[in-house]
2 protein chains.
Amino acid sequence: MSTLPDKTVERLSQYRRNLLICDAKGKEHIFSHEIANIHHITPVQVRRDIMLIGYTGTLRKGYNVKELVALIGEILDKPEGQNVAIIGAGNLGRALMKYFKNRREKLSVVAAFDNNPEKIGTIYANVEVFPISQLKQIISDKKISIAIISVPVDNAAAIADSLVEAGIKGILNFSPRPVNVPEHIYLEEYDMITSLEKVAYFAKNKN
Amino acid sequence: MSTLPDKTVERLSQYRRNLLICDAKGKEHIFSHEIANIHHITPVQVRRDIMLIGYTGTLRKGYNVKELVALIGEILDKPEGQNVAIIGAGNLGRALMKYFKNRREKLSVVAAFDNNPEKIGTIYANVEVFPISQLKQIISDKKISIAIISVPVDNAAAIADSLVEAGIKGILNFSPRPVNVPEHIYLEEYDMITSLEKVAYFAKNKN
DNA sequence: TTATCTTTGTTTTATTAATAACAACATAAA
DNA sequence: TTTATGTTGTTATTAATAAAACAAAGATAA
């Protein structure tokens, strides 16, 4: 499977989340327009995404929920799983730990890091907090390939450098300043302030 | 000014953030390629965005930092300011309160809401926590036009309904299930799980 | 049996966003 | 004075994304 479009990957993740809920409710089949309604998009978009991953529904019943979930899993997940570290155990870091706890079988938060001595050694949502000085060691020991940066903005750049050095493969940066990483590392930046300012801008002119 | 492209609005918010840092450092002028480097985009993109808001730099010195910040403010901000409420004072909610504290003159978090009796009446990052039962009253009293949803996923839909009823103009939803709001309200959804799964997908095949 | 309805899968078109190309201009250097 | 350099502002092109259009197929009902 050649790499899928960015936006399709995002939507597949979202489809799966809600398909799992449908499955838990005992729903066996689902139509493209039902999926579309949940996500505020068009049914065509849904069918196109599903086409791209090579799944085929049945004409009268739509898509088999379990099968579709399984196939999205094959596409998105790495069979042997991926381990995640959260750098920064402040409010945001802890929110993330709770969020991701037992969320996905193939994606586990296995360590957190912080500089605050009071936090080191504590366990939150099953995740132990280590000192940042041990970053490289533990990333290697625990075979961590993905990191989430949730430290204050002034520390983000240094953390990113350490992560690169430690051999991380993907970074999700929540700090509001972009970080620099080499080409071979996948970097996703998300900035809450920008999201809020965007809402403010578009809400400004609403009657 | 007709409405700007989505992505341009996002970038303007980011430009401003970093221009303010430049200004604080005493930097008076900045070139498009300097801005571009910070944000990992092309100088053309920067110039195009700046063109769209009608600002003009000088040929040899680039853009005047203070002037550009002021103009972005005129574009993004509402002159009389906008008030924000955060619904859900858990880890994520508190992270947001801290994040936005004194961040923008024209965008102030003026109330938080939660159902937990222990949290009600407490003040975090200068923001008081009110019971959700008072949502409508306080949104009206404090002239709040923007809300951030950071409650557990099962409560998000009901909160969204209340917010709509309370006359909110824009919503930023951090819960992982999309909410339904009428057309006349601006809705931005952001889902951390999707971001992480996206990083995992694209990092998966890195060597 | 035939017609109708509904839904999928896929191609075509439209929209949005990013990039490239380049003229205009000011400064500095020759 | 003339040429070279580097930057902006803007138009043109390309790429990415979403939407529309529609054929195919199977179920249902007439």
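Residue numbers start from 1 in every chain, and the chains themselves are labelled A, B, ... in the order their sequence lines are given, proteins ahead of strands.
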Q) Out of D/dA12, C/dT8, C/dT10, which nucleotide sits closest to the side chain of A/Phe31? A) C/dT8
Q. In whole Å, what is the span from the CG atom of B/Leu59 to the P atom of D/dT7?
A. 10 Å
(Q) With a sphere of 6.0 Å drawn around CD of B/Gln134, does it hold more than 12 non-hydrogen atoms of other residues, nucleotides or ligands? (A) yes
Q.
Counting only side-chain nitrogens and oxygens, does A/Gln45 get under 4.0 Å of the OP1 or OP2 atom of D/dA19?
A. yes
Q | Under 3.5 Å side-chain donor-acceptor pair for A/Asp141 and A/Gln137 | A | yes
Q. Should the pair A/Tyr190 and A/Phe174 be assigned to parallel (<30°), tilted (30 to 60°) or perpendicular (>60°) ring geometry?
A. perpendicular
Q | Separation of C/dT10 P from A/Tyr55 OH (nearest whole Å) | A | 14 Å
(Q) With nearest nucleotide decided by heavy atoms, which residue, A/Thr42 or B/Thr58, maps closer to the 5′ end of DNA chain D? (A) B/Thr58
Q) Reckon A/Thr8 touches a base, only the sugar-phosphate, or nothing at all at heavy-atom distances under 4.0 Å? A) nothing
Q: Indicate, with a heavy-atom threshold strictly under 4.0 Å, whether A/Pro5 touches base, sugar-phosphate, or nothing.
A: sugar-phosphate
Q: Would you mind reading off the distance between B/Glu34 atom CD and D/dT8 atom C1', rounded to a whole angstrom?
A: 14 Å
Q: Among the candidates D/dA18, D/dT7, C/dA21, find the nucleotide nearest to the side-chain atoms of B/Val44.
A: C/dA21
Q: Might you point out which heavy atoms bring A/Ser108 and A/Arg104 nearest each other, and give the distance in Å?
A: OG-O, 4.5 Å
Q | OP1 or OP2 of C/dT11 under 4.0 Å from side-chain N/O of A/Arg48 | A | no
Q: Take atom CZ of B/Arg60 and atom C1' of C/dT27, then tell me their distance rounded to the nearest Å.
A: 5 Å
**Q.** First encountered from the 5' end of DNA chain C, between B/Lys7 and B/Arg47
**A.** B/Lys7
Q. Cation over ring, B/Arg103 on B/Tyr99, under 6.0 Å and within 45°?
A. yes
Q) What integer distance in Å separates B/Met51:CE from C/dT19:P? A) 15 Å
Q. Atom CG of B/Leu71 and atom P of D/dG9: how far apart are they, to the nearest Å?
A. 12 Å
Q. In whole Å, what is the span from the CD1 atom of A/Ile41 to the C1' atom of D/dA18?
A. 10 Å
Q: Find the distance B/Ile35:CD1 to D/dT8:C1' and express it as a whole number of Å.
A: 12 Å
Q) So, is A/Thr56 near the phosphate of C/dG9, with a side-chain N or O under 4.0 Å from OP1 or OP2? A) yes
